[in-house]
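Structure record follows, encoded as structure tokens.
We name chains A, B, ... by the order of the sequence lines, and we start the count at 1 in each one.
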Amino acid sequence: MSNIIEIQNLMKVYDNNYTALDKVNLSIKKGEIIALLGPNGAGKTSLISNVCGISSITSGNVFVEGYNVEKEYRKTRDLIGLVPQELSLEPFEKVWDSVKFSRQLFGKKRNDNYLENLLKKLSLWDKKNQIIKSLSGGMKRRVLIAKALSHEPKILFLDEPTAGVDVELRKDMWSIIKELKNDGVTIILTTHYIEEAEMIADRIAVINNGKILLIDKKDNLISKMSKKTLTIYTKQILKSIPHSLKKFNLRIFKNEKKLEYDYTASGNKTGITTLLSKIKSSGIELIDVQTRQSTLEEIFVEIVNND
Amino acid sequence: MINFEAIKAIYKFEMARTFRTIIQSLISPVLSTILYFIVFGTAIGKNMQLISEIPYGAFIVPGLILLTVSMQSVTNASFGIFFPKFLGTTYELLSAPISYIEIIIGYVGAATTKSFCLGLIILITSFFFVDIKVVYPMLMLLMLFLSCISFSLLGFIIGIWSDNFEQINFVPMLIITPLVFLGGSFYTIDILPKFWQNITFFNPIFYLISGFRFSFFGEGEVSVWISIFSSVIFIVICNIIIWKMFKTGYKIKT
Ligand SMILES: Nc1ncnc2c1ncn2[C@@H]1O[C@H](COP(=O)(O)OP(=O)(O)OP(=O)(O)O)[C@@H](O)[C@H]1O
Ligand SMILES: [Mg+2]
């Protein structure tokens, strides 16, 4: 697979001298869904704005299908659809007019069939003659998506598509996104919801303080980074850890009859067998054991905190 | 290379915005023009000395048209770009495969169209009040057109520059109205003391009014070529400013 977007040493320093992006490098493959994950103010919107032309690049280069986004912006912008974070819409315009405007703005030939299908897919068809002001927040978000897709882009940027959207609508969005992926659209989305990234992304990039801290396939990320925890339920509350078990860094609890042991799932030697046999020989009686894999959320919090 | 569809889209959008408020856009300028005719043309005008043999009521027609057209051009063009900035919908303009050229032609073109039509409507209205004949009709249309473009471009710049509604009202009120009044809309500058006459030569609107008046009566205070030339210069300067603004992203890009 070739890279559809290539970001090289991208720096963004705002007028107030704030560095929002600090030498960001990122390659995005054709057809993948990539989730940008990061806390408020991490630089997610800034990154998108620099690629799409909303924000002027301080230094570095961005290429879209090999074209430079600053010098060959007509070619790159033609390929990109953008759904902004804010619900920025003309309040008194009708949904249909708004979507038609967007298509025309991108210089595309009129195609009412395509737009009709698009609105139907986004459950907006019955609202096409309503003015935008009269729509709910979630519906406005859909209008933004329809506008972004109106010119049949190959790349779609979604800046927090599911912010302020209820569970039902969120699931709808996910299926829309998956459908787009099936049509070959490359999708870059930002989110605060880890489960969202976990649910739909192929790769996840964690960004904080304007730097990409790590980027990897979702599954790799979980297995590589994940810690597993083995919980051992005992018959009695342990007052202290027997000497023979010291090297395992076990956690004991004052009021619970259990022990906890952390290990990494990726290693060949988990140490579980030795631990269990040592426990047995030290005379502690076991009732049950349980293992638990840490979620992306925990990984994420750990990465950001270590930064 | 130019994205003509985009120009059409912006132009149509802007014109649609006007038609939503067509009554307000027309009634208030026409009404205030009629009031000017009643007060200056008929009531006071009778007692005014004839200026170059032209009845005062007729004399003020070009100035009145220019006064309305300048205000409307500036207001229309500045709000046209200010609103998207205010609403955040400029993101779409910036992310579309268009340059500042399409944006200017779309927005300024629409504002120019509106004020040009309004200028003609005021001219037609004036026919009901005063006896007036246009000596050079084609030149009159050209001068009207140049005035509409000039003020629309200026309005567009003000719209980009403004951060809030106060600023956007401030410039037309405090700068353009005085310049139009003092540029000789309602008098010829030879009635002014020498000092003020000299100052008037620095007022760009003076040249527009002079040229516009020439097209009506066949006489102006400066050569009509100077009028045409200076408005072309003004248009070029505005274009350079706008080009610079978009190039540096001034108050448009973050
Ligand atoms: N126009 C601007 N001028 C100055 N600083 C800005 C500007 N826009 C953003 N910033 C700053 O840049 C940093 C990154 O902002 P950005 O909007 O990219 O974050 P984000 O990751 O999208 O956050 P969120 O999750 O809240 O949307 C923030 O500290 C923000 O305050
Ligand atoms: Mg953001």
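The CD atom of A:Gln104 sits 4.0 Å away from atom NZ of B:Lys12, with the distance rounded to the nearest 0.5 Å. Within the model, atoms NZ of B:Lys253 and CG of A:Asp15 stand 13.0 Å from one another, a figure rounded to the nearest 0.5 Å. Separation of atoms OG (B:Ser95) and CD1 (A:Ile54) is listed at 4.5 Å; rounding is to 0.5 Å. Atom OH of B:Tyr91 and atom CD1 of A:Ile48 lie 12.5 Å apart (nearest 0.5 Å). Of the inter-residue distances, the one linking A:Arg74 atom CZ with B:Met1 atom CE reads 5.0 Å to the nearest 0.5 angstrom. Here the straight-line distance linking atom CZ of A:Arg77 with atom CG of B:Asn3 works out to 11.5 Å at 0.5 Å rounding.
When heavy atoms are compared at a cutoff of 4.5 Å, A:Leu89 approaches chain B solely by way of its backbone atoms N, CA, C and O. With a 4.5 angstrom heavy-atom cutoff, A:Lys12 touches chain B only via side-chain atoms. Contacts of A:Thr76 with chain B are absent, with no heavy-atom separation under 4.5 Å from either backbone or side chain. The contact between A:Ser56 and chain B is made by backbone and side chain atoms together, counting heavy-atom distances below 4.5 Å. Both the backbone and the side chain of A:Phe106 come within contact range of chain B, judged by heavy atoms closer than 4.5 Å. Both the backbone and the side chain of B:Ser99 come within less than 4.5 Å of a heavy atom in chain A. A:Glu90 touches chain B through backbone and side chain together, each having a heavy atom under 4.5 Å away. The part of B:Phe13 that comes within reach of chain A is its side chain, from C-beta onward, which places non-hydrogen atoms under 4.5 angstrom from that chain.
Counting non-hydrogen atoms of neighbouring residues, nucleotides and ligands closer than 6.0 angstrom, the NZ atom of A:Lys154 reaches no more than 12 such neighbours. Few gaps surround OH on A:Tyr14; more than 12 heavy atoms of other groups in view lie less than 6.0 Å from it. Annotation for B:Phe145: atom CZ does not count as buried by contact number, only 12 or fewer foreign heavy atoms lying within 6.0 Å. Counting non-hydrogen atoms of other residues, nucleotides and ligands closer than 6.0 Å to OH of A:Tyr67 gives a total of 12 or fewer. In A:Lys181, the NZ atom is crowded: over 12 heavy atoms of neighbouring residues, nucleotides or ligands sit closer than 6.0 Å. A 6.0 Å sphere centred on NZ of A:Lys120 holds more than 12 heavy atoms belonging to other residues, nucleotides or ligands. Atom CZ of B:Phe129 is surrounded by more than 12 heavy atoms from other residues, nucleotides or ligands within 6.0 Å. Within 6.0 Å of CZ in B:Phe170 there are 12 or fewer heavy atoms belonging to other residues, nucleotides or ligands.
Minimum heavy-atom separation, A:Pro91 to B:Leu87: CD-CD1, 3.7 Å. The shortest heavy-atom contact between B:Ala6 and A:Leu105 is CB-O, 3.3 Å. Residues B:Arg20 and A:Phe92 approach most closely at NH1-O, 3.9 Å, considering heavy atoms.
Using a 4.0 Å cut-off between charged nitrogen and carboxylate oxygen, B:Glu92 and A:Lys147 count as a salt-bridge pair.
Residues A:Ser88 and B:Thr89 bring no donor and acceptor atom of their side chains to less than 3.5 Å of each other.
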